[in-house]
Amino acid sequence: AGLDNLRVLHPVDEFLQGLNNNSVVVRLSYDGVHALFTGDLEREGETEMLQRHPDIHSHILKVAHHGSNSSSHQPFLEAVAPQVGVIMAGSDNTYSHPHREVLERLDQRNIEILRTDHEGSIRIVMKDGGWERVPVDRPSVISIMRSTPDILQGIPGVGPVLAQRIVEWRMNNTPNQWEDLLAISGIGPATLEAIREHAELH
């Protein structure tokens, strides 16, 4: 048992309108388990891909476009029929991702929802013909100024986008107090409180 294949399903030579609809979509097959990674694919791209690949059932779905309502339409979810949907979204993001309509569509199909904006990093292991979520190893103390983006995502409310913004901000800034972090886009009072509770400043 092992890696069966990694197939690139989208895009094709004749590109669609808009960058999102031309996102690279890959399907990983390992030990009889399938995971579909959708980038920022939107409705038009999902429809076009289904026409070429109607059999794309996957156990694990990386939900497209941070859970935007422009993606994850019903025919697509019916074809994929995942057991779990992983949504990568930053906490307090300005687009209000993930959108309520997408969460409802996932819930109606009894798809387990995992969200980085609530849980930070999410690790799923595929093995023995199944999959399981496993804990992400974390240091005993998370440092805002020293931790890697992956470690920063261990703070509730800090997803991959916000973790990267923190890393970029600290390259040119050294905070003297917690409130200095409010200068980072995506950190509001609620997120700052969560960060203070679970991390050190330096």
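Because only heavy atoms are used, hydrogens play no part in the values below, and waters and symmetry mates are left out as well, while side chains stay in. Quick caveat: nothing in here was measured; it's all calculated off a predicted structure.
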Considering all heavy atoms, the nearest [X]-[Y] contact:
X      : Y      : result
Val102 : Ser68  : CG2-O, 3.3 Å
Val24  : Pro11  : CA-CD, 4.1 Å
Ile155 : His198 : CG2-CB, 4.3 Å
Pro156 : Ala194 : O-CB, 3.6 Å

Apply the side chain to side chain contact (heavy atoms under 4.5 Å, CB included) test between Ile87 and each candidate in Thr116, Asp117, Leu106; give the one that qualifies. Leu106

Among Glu46, Arg43, His65, find the one that has a side chain to side chain donor-acceptor pair (under 3.5 Å) with Ser70. His65

Member of His97, Arg100, Arg105 meeting the side chain to side chain donor-acceptor pair (under 3.5 Å) criterion with Asn69: Arg105

Per-pair distances, 0.1 Å, donor-acceptor, side chain in residues 74-83, under 3.5 Å, sequence neighbours excluded:
| unit_1 | atom_1 | unit_2 | atom_2 | d |
| --- | --- | --- | --- | --- |
| Gln83 | OE1 | Trp131 | NE1 | 2.5 |

Could you check if a side-chain atom of [X] sits within less than 4.5 angstrom of a side-chain atom of [Y], using non-hydrogen atoms only?
X      : Y      : result
Glu48  : Asn21  : no
His10  : Ser23  : no
Ile166 : Ile187 : yes
Thr38  : Val63  : no
Leu201 : Asp180 : no
Glu200 : Met145 : no
Arg27  : His53  : no
Arg196 : Glu179 : yes

State the [atom1]-[atom2] distance between [X] and [Y], to the nearest 0.5 angstrom.
X      : Y      : atom1 : atom2 : answer
Ile151 : Ser121 : CD1   : OG    : 7.0 Å
Leu41  : Lys62  : CG    : NZ    : 9.5 Å
Gln164 : Gln153 : CD    : CD    : 9.5 Å

Whether His34 and His57 hold their rings parallel, tilted or perpendicular, with breakpoints at 30° and 60°: perpendicular

Examine [X] and [Y] and state if one hydrophobic cluster contains both, with Ile, Leu, Val, Met, Phe, Trp and Tyr joined whenever side-chain heavy atoms are less than 4.5 Å apart.
X      : Y      : answer
Ile122 : Leu36  : no
Ile184 : Ile195 : yes
Leu114 : Val161 : no
Leu28  : Ile124 : yes
Met88  : Val25  : no

Under 3.5 Å donor-acceptor, His202 side chain and Pro175 backbone: yes

Would the distance check show the side chain of Asp107 and the main-chain N or O of Leu103 forming a donor-acceptor pair, the cut-off being under 3.5 Å? no

Other than Leu16, which residues form its hydrophobic cluster under the rule that side-chain heavy atoms must be closer than 4.5 Å? none

Hey, what else clusters with Val134 if you join Ile, Leu, Val, Met, Phe, Trp, Tyr whenever side-chain heavy atoms sit under 4.5 Å? Val125

Might you confirm whether atom [atom1] of [X] has over 12 heavy atoms from other residues, nucleotides or ligands at distances under 6.0 Å?
X      : atom1 : result
Met126 : CE    : yes
Leu182 : CG    : yes
Gln17  : CD    : no

Check the pair Arg170 / Val167 against side chain to side chain contact (heavy atoms under 4.5 Å, CB included), numbers first and verdict last. CA-CA 5 Å; Arg170 73 188 188 194; Val167 170; 3.9 Å; yes

Carboxylate-amine/guanidinium proximity below 4.0 Å for Glu112 and Arg133: no

Stepwise, does the side chain to side chain contact (heavy atoms under 4.5 Å, CB included) test hold for Ile111 with Leu61? CA-CA 10 Å; Ile111 300 168; Leu61 171 67; 6.0 Å; no

